[in-house]
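The structure appears right after this line, and notes come after that.
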Number of protein chains: 2
Amino acid sequence: MRARRSETVRVTGRVRPADGRIRDACVRLFAQKGFQGTGIREIAAEAGVTTAALYHYVDTKEELLLDIMYGVLDPLTAAARRIVKEVDRPEARLSALVEHHVWFHATNQLPTVVTDSEIRSLGSEVRADVIARRDVYEAIWRSVVADGVADGTFRVADPRIAAIAMLQMCTGVAHWYRPTGPLTLLQLSRRYADLVLSMVRAARGGLPVRADTLGSPSPARGIDAHV
Amino acid sequence: MRARRSETVRVTGRVRPADGRIRDACVRLFAQKGFQGTGIREIAAEAGVTTAALYHYVDTKEELLLDIMYGVLDPLTAAARRIVKEVDRPEARLSALVEHHVWFHATNQLPTVVTDSEIRSLGSEVRADVIARRDVYEAIWRSVVADGVADGTFRVADPRIAAIAMLQMCTGVAHWYRPTGPLTLLQLSRRYADLVLSMVRAARGGLPVRADTLGSPSPARGIDAHV
DNA sequence: GTCTATATTTGGATAGAC
DNA sequence: GTCTATCCAAATATAGAC
């Protein structure tokens with residue numbers, strides 16, 4: 001016996017990184033059929049191993065889900081911190097946050113969909129940890145919006161609601177995007193940045209701020225280890 | 001034997017309306033634990049009946065989910081049609097659509113969350129039907145946005161993306177709203193309408209259009225049978 | 001590390017009495 | 001219309017050999 005059965009995945013830090021084939025199989029299946037709708041046998045079959053081999057890498061099915069979620073949330077937060085450090089003004093920061101978020105969710109659709117949809121499938125202890133990490137990320141967005149409102153760059157009635165709303169609409173990209181569309185990923189990210197800047201009525205010197213006048217760097221700059 | 005086991009829920013029209021207690025139990029459990037994460041025994045226990053009694057009202061677990069989804073999508077579409085019929089200009093239509101959508105998702109959080117999250121749990125035949133109904137609703141939004149762009153009231157680069165983005169941010173209300181906040185539901189709906197009008201840069205006579213200058217009627221007017 | 005084989009629990013759904 | 005009792009398939013996870 002390796003570990004007790006439920007609610008006992010260690011909360012501290014990372015889980016053991018599972019083999020790449022196994023993680024990829026989980027991402028595909030969890031995104032398509034849901035965590036609870038995916039059997040351990042399917043995962044094993046999709047990864048080309050047996051269930052017993054699976055349990056050599058991991059103690060519970062839940063750990064496989066956690067591995068995916070950390071692989072989404074941690075790079076997102078790292079990128080947001082980098083942006084706040086390297087970019088100065090609220091409108092440029094917000095634009096960069098949006099562009100990176102959209103780009104990340106479009107280039108990592110399956111793991112981001114899983115992260116967005118399966119939090120409720122986690123046991124209560126690890127769920128609290130995942131939610132805490134997500135909150136850290138969202139707090140960065142909130143503070144950037146609040147800064148812009150405070151210095152008069154943005155005008156919205158409720159910065160907190162605006163931050164939630166823009167996060168949800170940007171995360172939504174993972175649910176509908178298909179690479180076959182007419183737009184490149186960078187164009188799409190730029191469009192979303194424009195929508196968000198419009199939403200908060202971003203302006204400088206009485207003129208609306210548009211994303212393409214900001215010259216933000218490519219969203220992919222820096223390290224962005226995918227799941 | 002009452003019906004074949006999988007993929008055979010009738011697609012035509014409504015499912016038999018299950019008993020109120022059973023439907024409520026399903027809504028609560030599916031929203032909290034997910035469709036696949038909820039057992040037939042849990043539903044029965046929460047409804048205060050036995051599993052055998054459950055199967056007197058319904059043939060499969062999937063039918064219970066379908067009943068919830070139709071109870072969300074059909075009233076939403078009916079309301080959207082009413083709005084388009086009764087309201088004239090694009091900015092007033094869009095504002096009314098948003099206010100109703102937000103109000104509906106805040107007053108029907110559990111069924112709307114289930115509808116938003118569990119489409120993938122449906123068998124392929126009924127799933128296609130549900131997606132088709134959802135598309136009908138979303139097409140109304142798209143056409144309102146397109147009309148506004150066409151007549152110069154709105155200015156967005158890509159109306160289709162804007163429609164998807166605003167729908168997702170408004171649907172998101174069902175996932176975070178708690179009735180304990182400082183805003184009334186009507187204030188919240190108004191705020192979202194404002195965010196959306198800003199997002200599409202709605203303007204008349206060179207001046208931005210704000211939701212509170214439109215005097216839209218209460219989102220709850222008309223019949224809105226909840227699930 | 002990976003296998004075969006299996007323990008054990010829970011899943012959806014039914015039979016048949018009342 | 002609701003019950004008790006149950007069928008059978010599928011679930012997660014393990015044991016123990018190689």
Side-chain angles (χ1 to χ4, degrees), chain A residues 1-10 15-26 29-30 32-68 118 120-126, chain B residues 1-10 15-26 29-30 32-68 114 118 120-127:
Chain A
M1 199 183 320
R2 215 175 304 226
R4 283 201 19 77
R5 198 157 314 217
S6 63
E7 303 270 334
T8 46
V9 177
R10 289 162 307 299
V15 294
R16 234 181 314 161
D19 184 80
R21 287 174 311 163
I22 295 173
R23 200 169 43 213
D24 289 351
C26 286
L29 290 168
F30 292 169
Q32 184 183 59
K33 321 182 48 166
F35 176 73
Q36 322 242 28
T38 302
I40 218 77
R41 287 167 183 75
E42 292 174 271
I43 299 171
E46 178 93 2
V49 294
T50 61
T51 69
L54 255 189
Y55 282 99
H56 171 77
Y57 292 97
V58 87
D59 285 342
T60 66
K61 185 184 161 191
E62 188 180 39
E63 261 189 51
L64 293 166
L65 178 57
L66 257 188
D67 189 30
I68 294 169
E118 297 293 352
R120 69 168 155 211
S121 300
L122 295 169
S124 52
E125 301 173 17
V126 290
Chain B
M1 202 183 313
R2 216 173 304 225
R4 286 203 15 78
R5 198 158 314 218
S6 63
E7 303 270 335
T8 48
V9 177
R10 289 164 307 300
V15 293
R16 232 181 317 164
D19 184 80
R21 287 175 310 163
I22 295 173
R23 201 169 41 213
D24 289 351
C26 284
L29 290 169
F30 292 169
Q32 185 183 58
K33 320 180 52 166
F35 176 74
Q36 322 241 31
T38 301
I40 216 77
R41 287 166 182 77
E42 290 175 272
I43 298 171
E46 177 94 1
V49 293
T50 61
T51 68
L54 254 189
Y55 281 99
H56 172 76
Y57 292 97
V58 88
D59 285 342
T60 65
K61 184 185 161 191
E62 188 181 40
E63 262 189 50
L64 293 165
L65 177 56
L66 256 189
D67 190 30
I68 295 170
V114 170
E118 296 293 351
R120 69 168 155 212
S121 300
L122 295 169
S124 53
E125 300 174 16
V126 290
R127 184 172 60 237

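Note that this is a predicted model, so its numbers are computed, not measured. Protein chains get the first letters and strands the later ones, always in sequence-line order, with residue 1 at the start of each.
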All salt bridge (Lys or Arg N to Asp or Glu O under 4.0 Å) counterparts of B:R120, not counting sequence neighbours
A:E118
Rounded to whole Å, the NZ-P distance (A:K61 to C:dT9) equals 19 Å
Quick one: side-chain contact (heavy atoms from CB on, under 4.5 Å) partners of A:E46, sequence neighbours excluded?
A:A25, A:R28, A:L29
Residue set satisfying side chain to side chain donor-acceptor pair (under 3.5 Å) with A:Q32, at least two apart, ordered chain then number -> none
What's the CD1-P distance between B:I43 and C:dT10, to the nearest Å?
17 Å
List every contact pair, protein side and nucleotides 2-4 of chain D side both N or O, where the distance is under 3.5 Å.
{"unit_1": "D:dT2", "atom_1": "OP2", "unit_2": "B:Y57", "atom_2": "OH", "d": "2.6"}
{"unit_1": "D:dC3", "atom_1": "OP2", "unit_2": "B:T50", "atom_2": "N", "d": "2.9"}
{"unit_1": "D:dC3", "atom_1": "OP2", "unit_2": "B:T50", "atom_2": "OG1", "d": "3.0"}

Rounded to whole angstroms, how far apart are CG on B:L29 and P on C:dG12?
11 Å
According to side-chain contact (heavy atoms from CB on, under 4.5 Å), who are the partners of A:A53, at least two apart in sequence or on a separate chain?
A:V49, A:T50
Can you tell me which residue pairs pass the salt bridge (charged side-chain N to carboxylate O under 4.0 Å, His left out) test with a partner in residues 48-57 of chain B, sequence neighbours excluded?
none
Between atom OH in B:Y55 and atom P in C:dT14, what is the gap in whole Å?
7 Å
Looking only at atom types and distance, does a side-chain atom of A:Q36 sit under 3.5 Å from a main-chain N or O of B:G34, one as donor and one as acceptor?
no
Rounded off to whole Å, could you give me the CD1-to-P distance for the B:I40 and D:dA11 pair?
16 Å
